[in-house]
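Letters go in sequence order (proteins before strands), and every chain restarts at 1.
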4 protein chains.
Amino acid sequence: MTPPRRPHPGNRRDENARLDVLHAADDLLVEHGFKALTIEAIARRAGVAKQTIYRWWPSKVDILLDTLIEDSEKRFPVPLPDANVTAAVVRDYLRAFSRFLVDDLAGKVLLALMAEAQHDPATAASLRERYLDPRRAQERDMLSRGVETGEFTPRLDADSAMDVIAGTLLYRASTGSGIPDTLLDTLIEDVLKPAPNM
Amino acid sequence: MTPPRRPHPGNRRDENARLDVLHAADDLLVEHGFKALTIEAIARRAGVAKQTIYRWWPSKVDILLDTLIEDSEKRFPVPLPDANVTAAVVRDYLRAFSRFLVDDLAGKVLLALMAEAQHDPATAASLRERYLDPRRAQERDMLSRGVETGEFTPRLDADSAMDVIAGTLLYRASTGSGIPDTLLDTLIEDVLKPAPNM
Amino acid sequence: MTPPRRPHPGNRRDENARLDVLHAADDLLVEHGFKALTIEAIARRAGVAKQTIYRWWPSKVDILLDTLIEDSEKRFPVPLPDANVTAAVVRDYLRAFSRFLVDDLAGKVLLALMAEAQHDPATAASLRERYLDPRRAQERDMLSRGVETGEFTPRLDADSAMDVIAGTLLYRASTGSGIPDTLLDTLIEDVLKPAPNM
Amino acid sequence: MTPPRRPHPGNRRDENARLDVLHAADDLLVEHGFKALTIEAIARRAGVAKQTIYRWWPSKVDILLDTLIEDSEKRFPVPLPDANVTAAVVRDYLRAFSRFLVDDLAGKVLLALMAEAQHDPATAASLRERYLDPRRAQERDMLSRGVETGEFTPRLDADSAMDVIAGTLLYRASTGSGIPDTLLDTLIEDVLKPAPNM
DNA sequence: AATTAATCGAGACGGTACGTCTTGTCTTCCG
DNA sequence: CGGAAGACAAGACGTACCGTCTCGATTAATT
């Protein structure tokens, strides 16, 4: 009588449901903003029962984190640990990051999560553990190697330097100001102080 | 029947009610976070009717903005337009700003509003118009005068330079990392490039 | 600058305000029903301050009672105590009452107050004291004199007989069934049993 | 966290909640009157969420109607269509109705709904469709059969006769006058005119 | 004439209830 | 057992009235 909405794969986790939820959350965030991103709305849009969401994700923040981690890795991977860290490599990485924040719809997810982290300690913890800290470790490593090879001579430690750069880019992106190449280049010059033979 | 709990000032706005709401909102934000900052909770805590809040504030964000504007002016006023802008003046101003963000409970209001602005365009507009833009205009003016007198020789325009500094400080504060004086000093050195006779 | 809204008669009660309130209440009841008859709506419509209403009337029910008493006296006065009570006199009185209930907008006020009396004991008391009891006393007297002169030979006492007649008419009016003359005539015949030489 | 106060039967309607609401509404009406019968109060008393009430009942009137219909059927059922309609049967039915109105707490529900119907057309429609019309149809049938068998010889049609009787009884009950047996008996005599061999 | 006293329109106030929405939990039934 | 469906208790949303109050103006009667 009732048409089967979706083939149930039995007692294994339904990969279709998982993807539907991820996409629904992403779409809702982009289309209607974080305020409209309720569990009910996601379930409605994904054609999924609320319980299915609660079963697999502790909160809507974790849904976004899942998509953010996947997308970040695709859009602006940190250069591999064994790569040669030249000034150009770092600049390209930061440009990719800037484009992710400003032009990429997936970048909105990061901005939204950064904001939500300010409102909710649990989000702050998840975001830090699953996203910020791992990436920062890679970035710190990248910069450190650049410093070791004399490519950069920053006055700040690698972590603080990354805070200056990331903080500036996030601030510009979050206020909708955009990030011109000249701004980023000057920032790299002033903070990282690359060797003149760049 | 019910004893009057507070003298009604008639058909003029009740200053007591206004202050009670402001303080209640502030306290709730600090004690229980932005998530607990509901109109109902503010009304309950302030001993005020919900309608009194809706009558005078379009949203809870505007309540926070009212407290933020007052507190900012008290805690870290921008140096007056006719003041002599030395490197020390700028450094002191930025230190006051840093302390506001890190140590002052009122600083949490700014961080919360920055976050909420990311979630809600209306908040973004209010925050920009009533707080960020006016202060930025003063700060830009401050820096520009310092540049004119040769006190600073930044490679960036005054606005971008302020974005770097503010973005960095806000990022550090929002992640709970703290803002050591050495970080701020180096940031000033690298970005604003003060004259050596500082 | 501001045009004077209404000439104040000074420290005497403003008769215009009184009439405006009465008419506003009446109009609102007829146009939008009892549910829309709020003090705020009356004040709004009458162009009067709420306090002016609360100063002179204990409740909105008393406003309606004021209009009801005036209108009833005009539309269907009880025959004077010294009048000769013939069957025709009684029938004419009851027909006037029926018309008041069914056709007259003022009759809606009585139906509304009867209903409200069921919901609110204070209304029941006011309605009884200021309206029902005085009229019933006159009606009882009217019937009693008709019985004394042999015009009627009811099996019930005057009060119960009036309850049957009034109850029936109010029920028909309140259900919107209307009150045909034949129904009223038969009711008089069966209950009051007038002398055959009517 | 919160211990389950009641076993959840899942996605089927919770019969316990339904009964709790019905009883809470009934109790509140009897104890504090119609004015205190708010959805919030019912929910509070029943230990039920407001949404649960709004999910199943369009308005508080429909809650009362549910209880009224059940109680009426129990307390004073109309004699079955195939029963022999003697004067005694009709008198007993009307006495049960009178007792329901005067002595039974459930009778207050009918009086309250009759009153509310006067204030609110939607209530009038519901009350008529779900209660008054069905019962009246049965009563009309009862009387008609009594007339056909010569048990009664009323001057009025069955419907009008019932209006006289019901109107009188409701009026007496609503004014708190009570309904003595002699009043009811005389009313039956005068209006229905039963055959003398009663 | 100056003062006093009451009325008036206006509207702020602390409350309560409205009907809607979302939360996270729980239960049923189907595949 | 996973998943769709959806009932449930809880509680916030923003609005409408309640009845009380205070304001500043206006006007009549009393100094």
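Atom CH2 of D:W57 and atom P of E:dG19 are 15 Å apart (whole Å). Atom P of nucleotide F:dC21 and atom CG of B:N16 are separated by 17 Å, given to the nearest angstrom. The distance between atom CG of A:L37 and atom P of E:dT22, rounded to the nearest whole Å, is 12 Å. The nearest whole Å value for the distance from the CD1 atom in D:I53 to the P atom in E:dA17 is 13 Å. Put simply, CG on D:D14 is 22 Å from P on F:dA5, counting in whole angstrom units. If you measure from atom CZ of D:R12 to atom C1' of F:dA5, you get 9 Å, rounded to the nearest angstrom. Rounded to whole angstrom, the span from the CG atom of A:D62 across to the C1' atom of E:dG24 amounts to 15 Å. The NZ atom of D:K50 sits 14 Å away from the P atom of E:dT16 (whole-angstrom rounding).
As judged by a 4.0 angstrom heavy-atom cut-off over every strand, B:R44 is placed among residues touching the sugar-phosphate backbone only.
Listed nucleotides: F:dC21, E:dG15, E:dT25. Nearest to the side chain of C:Q51: F:dC21. With distances taken from any side-chain atom of B:W56 to the nucleotides E:dT23, E:dC13, E:dC8, the minimum falls on E:dC13. Distance from the side chain of A:E40 is smallest to E:dT22 among F:dA4, E:dT22, E:dC13. For D:I39, the listed nucleotide lying nearest its side chain is E:dG19; candidates were E:dG19, E:dC8, E:dT22. Residue C:Y54 places its side chain closer to F:dC18 than to any other of E:dA17, E:dT23, F:dC18.
Nearest-nucleotide positions on DNA chain E for C:A49 and D:A36 put C:A49 closer to the 5' end. Of the two residues near DNA chain F, C:P58 and C:N11, the one whose nearest nucleotide lies more 5' is C:P58.
Considering only side-chain N and O atoms, A:R55 lies nowhere under 4.0 angstrom from the phosphate OP1 or OP2 of E:dT25. Side-chain N/O atoms of C:T52 include one lying less than 4.0 angstrom from OP1 or OP2 on E:dG9.
Atom-to-atom distance recorded for B:E31:CD and B:R45:CZ is 4.0 Å, nearest 0.5 angstrom.
The nearest pair of heavy atoms linking D:A25 to D:I63 is CB-CG2, 3.6 Å. Closest non-hydrogen pair, B:P121 versus B:H119, comes out as CD-O, 4.0 Å.
Checking side-chain atoms of B:T67 against main-chain N and O of B:L64 turns up a donor-acceptor pair under 3.5 Å.
The cationic atom of C:R13 (NZ for Lys, CZ for Arg) lies less than 6.0 Å from the six-membered ring centre of C:W56 and within 45° of the ring axis.
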